[in-house]
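Structure first, then comments.
For ligands, and for the atoms within them, numbers begin at 1 and follow the listed sequence.
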Amino acid sequence: MDVQIRPVREEDRHAVMELVSQLTEGVAEWRDPDAVVEAARQWLAGYFTPAPEQSGAVFVATAGGEVVGMVSVNTHRHFTGPEEAYIGELAVAPHAVRMGLGRRLLGTAEDWARRQGLRHLTLETAAGNTTAQRFYAAVGYREEAVRFTRVLE
Ligand SMILES: CC(C)(COP(=O)(O)OP(=O)(O)OC[C@H]1O[C@@H](n2cnc3c(N)ncnc32)[C@H](O)[C@@H]1OP(=O)(O)O)[C@@H](O)C(=O)NCCC(=O)NCCS
């Protein structure tokens with residue numbers, strides 16, 4: 001598959017919004033999966049048109065003119081002080097998984113982070129998303145923290 005990775009454009013809006021519907025994978029039963037998708041869509045909405053005030057970036061993978069994957073990356077401050085890169089969303093179309101696109105998209109986000117002069121790239125994934133956990137471990141990411149939640153009666 002001849003894959004190109006490039007910054008997102010306005011014409012990608014529909015395809016990217018479709019891809020993020022997969023971000024409910026493994027979401028905890030006490031969270032609203034629709035709210036997860038809606039939050040991602042709202043965050044991405046500002047990125048289809050380049051604007052000087054944008055602090056992060058969104059990239060898409062295309063094959064034969066079709067958007068088959070996306071990644072968003074931004075910065076945030078770790079509680080110990082340093083500014084870090086942070087992956088907001090990463091999704092590959094179901095028919096295009098296990099072809100190396102996830103790895104390439106992450107690599108593009110890593111290059112972006114290096115260009116910002118950042119030393120760490122971090123992300124969170126749902127405890128139930130075992131596919132993503134296997135993927136991140138396979139492409140060189142190391143587990144750093146585990147978050148616990150108690151649902152209060
Ligand atoms: C997680 C995801 C982005 C991986 O994308 P991908 O394009 O399939 O990943 P790659 O093809 O680059 O895989 C790289 C390596 O990761 C590992 N990997 C990927 N998917 C895996 C799976 N389902 N099971 C076990 N290992 C897996 C493998 O080691 C793989 O290398 P290999 O295919 O040579 O064995 C994709 O499955 C996806 O979009 N899932 C739904 C959305 C999601 O959960 N996003 C992450 C939210 S934080």
Side-chain angles (χ1 to χ4, degrees), residues 1-9 11-48 54-79 82-116 118-149:
M1 194 161 52
D2 182 22
V3 175
Q4 313 287 328
I5 297 186
R6 58 161 173 79
V8 74
R9 302 199 283 245
E11 71 220 47
D12 306 321
R13 184 184 291 265
H14 179 73
V16 168
M17 294 307 189
E18 280 294 305
L19 280 173
V20 299
S21 63
Q22 293 180 76
L23 296 176
T24 56
E25 185 73 36
V27 166
E29 64 191 32
W30 55 88
R31 300 288 176 193
D32 176 358
D34 292 340
V36 172
V37 172
E38 192 48 38
R41 287 181 173 154
Q42 281 187 17
W43 188 84
L44 290 165
Y47 278 84
F48 293 99
Q54 281 168 355
S55 64
V58 179
F59 299 96
V60 292
T62 65
E66 182 199 359
V67 174
V68 288
M70 62 77 58
V71 66
S72 69
V73 58
N74 210 330
T75 58
H76 82 153
R77 190 168 294 284
H78 188 259
F79 68 88
E83 190 82 4
E84 300 186 328
Y86 182 82
I87 297 289
E89 290 85 22
L90 171 69
V92 172
H95 68 272
V97 294
R98 298 304 287 265
M99 295 180 185
L101 297 186
R103 188 191 292 267
R104 284 187 60 184
L105 283 160
L106 266 190
T108 302
E110 289 162 13
D111 289 343
W112 179 91
R114 285 188 195 95
R115 288 198 299 276
Q116 314 302 308
L118 303 171
R119 278 206 66 220
H120 298 118
L121 178 55
T122 66
L123 57 91
E124 288 176 25
T125 194
N129 193 348
T130 51
T131 296
Q133 287 162 38
R134 288 194 195 110
F135 163 73
Y136 290 123
V139 299
Y141 285 66
R142 292 164 64 189
E143 195 169 300
E144 179 175 354
V146 180
R147 188 167 67 199
F148 287 88
T149 299

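- Of the heavy atoms in N129, only side-chain atoms (C-beta onward) come closer than 4.0 Å to ligand 1.
- Using modelled atom types, no side-chain atom of E84 and backbone atom of L118 make a donor-acceptor pair closer than 3.5 Å.
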Subject >> R114/D111 under salt bridge (Lys or Arg N to Asp or Glu O under 4.0 Å): CA gap, chis, key distance, verdict >> reply: CA-CA 5 Å; R114 285 188 195 95; D111 289 343; 2.9 Å; yes
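- Considering both main-chain and side-chain atoms, A132 never comes within under 3.5 Å of ligand 1 through any nitrogen or oxygen pair.
- Checking side-chain atoms of Q133 against main-chain N and O of A126 turns up a donor-acceptor pair under 3.5 Å.
- Against a heavy-atom cut-off of under 4.0 Å, T125 is close to the following atoms of ligand 1: 48 (S).
- Contact annotation: the side chain of V71 never approaches that of W112 to less than 4.5 Å [non-hydrogen atoms, C-beta and beyond].
- Looking only at heavy atoms of the protein, atom 25 (C) of ligand 1 is closest to R134 CD, 3.4 Å.
- In summary, the atoms of ligand 1 found under 4.0 Å from a heavy atom of T131, numbered by their order in the structure, are 22 (C), 23 (N), 37 (O).
- The minimum heavy-atom distance linking L19 with V92 is given by the pair CD2-C, 4.0 Å.
- Partner of M70 under the side chain to side chain contact (heavy atoms under 4.5 Å, CB included) criterion, chosen from L90, L44, L105: L44.
- Summary of contacts: the protein heavy atom closest to atom 28 (C) of ligand 1 is R98 NH2, 3.8 Å.
- Heavy-atom contacts of M99 reach the following atoms of ligand 1: 11 (O) (cutoff under 4.0 Å).
- How far CD of Q116 is from CG of L121: 11.5 Å, rounded to the nearest 0.5 Å.
- Protein heavy atoms are absent from the space less than 4.0 angstrom from atom 34 (O) of ligand 1.
- In this structure, the protein non-hydrogen atom closest to atom 16 (O) of ligand 1 is F135 CD1, 3.4 Å.
- Side-chain contact between D12 and R6 is present, with heavy atoms from C-beta onward closer than 4.5 Å.
- Looking at T108, its side chain does come within 3.5 Å of a backbone N or O of R104 through a donor-acceptor pair.
- Of the protein's non-hydrogen atoms, R103 NH2, 4.0 Å is the one closest to atom 31 (O) of ligand 1.
- If you look at R104 next to ligand 1, there are no close heavy atoms at all, none under 4.0 Å.
- Of the protein's non-hydrogen atoms, the one nearest atom 46 (C) of ligand 1 is L90 O, 3.5 Å.
- Distances below 4.0 Å separate heavy atoms of G100 from the following atoms of ligand 1: 10 (P), 11 (O), 12 (O).
- For atom 38 (C) of ligand 1, the closest non-hydrogen atom of the protein is V92 N, 3.9 Å.
- Shown here, atom 22 (C) of ligand 1 is in close reach of the protein: a heavy atom of it lies under 4.0 Å off.
- For ligand 1, the atoms closer than 4.0 angstrom to any heavy atom of A91 are 39 (O).
- Numbered from 1 in the order shown, with element, the atoms of ligand 1 that lie under 4.0 Å from a heavy atom of Y136 read 46 (C), 48 (S).
- A 4.5 Å side-chain heavy-atom check between E124 and Y86 finds at least one atom pair inside the cut-off.
- Side-chain contact check for S72 and E89: at least one donor-acceptor pair (N or O, by modelled atom type) lies under 3.5 Å.
- Checked by atom type and distance alone, the side chain of Y47 pairs as donor or acceptor with a backbone atom of G56 at under 3.5 Å.
- The single protein non-hydrogen atom nearest to atom 7 (O) of ligand 1 is G102 N, 2.8 Å, given as residue, atom name and distance.
- Here the protein heavy atom with the shortest distance to atom 40 (N) of ligand 1 is Q22 OE1, 4.3 Å.
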